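These numbers were taken from a predicted model, which means no experiment stands behind them. Every number for a ligand or one of its atoms is a count from 1 in the order of the listing.
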Amino acid sequence: MRIAVFGDIHGNIDALGAAYRAAIERKTDRIYHLGDIGGYAPFVNEVAEFLAEHNIEGVQGNYDETVGKDKEHCGCRHENEMQAEMMGLGFNWTKKRATQKTKEYLLSLPFRITFTCEDVNIALFHATPTKNNLYWTEDRDNGFFLRMAAKADADVMVYGHTHKPYRKDIGGKVFINAGSVGKPRDGDSRACIVLLEIKGRTVASEFLRLPYDVERVASAIVKNGLPGYFADMLREGR
Ligand SMILES: [Fe+2]
């Protein structure tokens, strides 16, 4: 069984197109997404429509919950006051742009998806098995990873939220951060997806980096009145 997982698309329809084409080319049996449909890039409605039209199941991210429920804040972390202001502008813009149909889609997403594939139990969620806005970075200690595995009650966990891909194998469990399709933060501006190939209890994984027209999306960010800061972040993969 071959599975593609798309993390954090964030309104970037061009990156999503590249991700989808790669998943089809690699003959995946299933595709899932990890939430955070809007924000940063302008195509929140287009991304929601694409996922629904292509029957790509997925989970709800913090950004989906807060846009869908019209909350005050997106639940994202910021590093300084300037970033906090930019994020606030982007969040308010996205809440305004998202149609009722998009908001219904965002609110329809489950917190987590679990299934058995061959001989392993897989859990997909946005950030952690119990909180959608906690940053599960690679440098957390093994104890944290194993506590999360116990909460997820799964052999393989795939999640996003930090926008930085990694895989760790600890105590027979597989932990995969799928990275971000539409807003990578690891210094590589290309879209990131992960492919899983599962045979029996063996889980092979491969991160793909996919080029697309970053400049087109960067200029759409500015043209749509979103902060130019987001365009620069996209160009630089940060
Ligand atoms: Fe995100």
Side-chain angles (χ1 to χ4, degrees), residues 5-16 19 32-48 50-51 56 58-69 71 73-79 83-84 86-95 97-98 102-103 105-107 109-113 124-138 140 157-166 175-194 207 209-210 214 217 221 226-227 229-234 236-238:
V5 186
F6 300 170
D8 297 75
I9 302 162
H10 283 298
N12 190 333
I13 190 72
D14 295 50
L16 175 58
Y32 292 97
H33 73 77
L34 297 175
D36 274 13
I37 303 309
Y40 304 106
F43 306 108
V44 56
N45 297 317
E46 291 82 348
V47 169
F50 187 100
L51 295 170
I56 299 173
V59 295
Q60 187 179 65
N62 58 299
Y63 219 98
D64 308 318
E65 184 189 0
T66 50
V67 167
K69 292 181 178 166
K71 295 236 174 145
H73 193 273
C74 62
C76 326
R77 191 172 56 190
H78 52 80
E79 282 147 18
Q83 212 179 60
M86 296 296 147
M87 281 161 106
L89 286 171
F91 181 61
N92 288 331
W93 188 98
T94 303
K95 281 196 294 185
R97 172 64 66 96
T102 295
K103 288 184 181 175
Y105 171 76
L106 299 179
L107 291 176
L109 296 169
F111 187 89
R112 70 165 114 157
I113 293 177
L124 310 176
F125 39 82
H126 180 65
T128 75
T130 51
K131 271 189 168 182
N132 68 10
N133 63 351
L134 190 73
Y135 290 83
W136 185 351
T137 49
E138 193 175 358
R140 295 243 187 203
M157 285 136 277
V158 190
Y159 46 91
H161 189 53
T162 66
H163 301 200
K164 291 181 182 174
Y166 64 80
F175 303 89
I176 295 175
N177 188 312
S180 170
V181 166
K183 194 183 176 299
R185 295 203 68 190
D186 61 348
D188 185 340
S189 64
R190 295 173 298 172
C192 182
I193 68 170
V194 67
F207 293 101
R209 298 312 288 248
L210 309 161
V214 172
V217 180
I221 287 173
L226 280 159
Y229 173 68
F230 293 162
D232 291 339
M233 286 174 99
L234 195 68
E236 293 159 22
R238 64 178 170 93

Item to complete: Kindly write out the residues that satisfy salt bridge (charged side-chain N to carboxylate O under 4.0 Å, His left out) with Asp232, not counting sequence neighbours, or none if the list is empty.
Response: Arg235
Worksheet item: Near the Fe ion (ligand 1), which protein N/O/S atoms are found at less than 2.8 Å?
Response: Asp8 OD2, His10 NE2, Asp36 OD2, His163 NE2
Worksheet item: Any idea how Tyr40 and Phe230 line up, ring-wise: parallel (<30°), tilted (30 to 60°), or perpendicular (>60°)?
Response: perpendicular
Worksheet item: Taking only residues two or more places apart in sequence, or in another chain, which ones meet Phe50 in a ring-ring contact (aromatic ring centres under 6.0 Å, His included)?
Response: Tyr20, His54
Discussion item. Under 6.0 Å between ring centres: does that hold for Tyr63 and Phe91?
Written reply: yes
Discussion item. Just by distance, no angles: are the side chains of Asp8 and His163 close enough, under 3.5 Å, to form a donor-acceptor pair?
Written reply: yes
Response to the item:
Sorted by chain and number, sequence neighbours left out, salt bridge (charged side-chain N to carboxylate O under 4.0 Å, His left out) with Glu138 holds for none
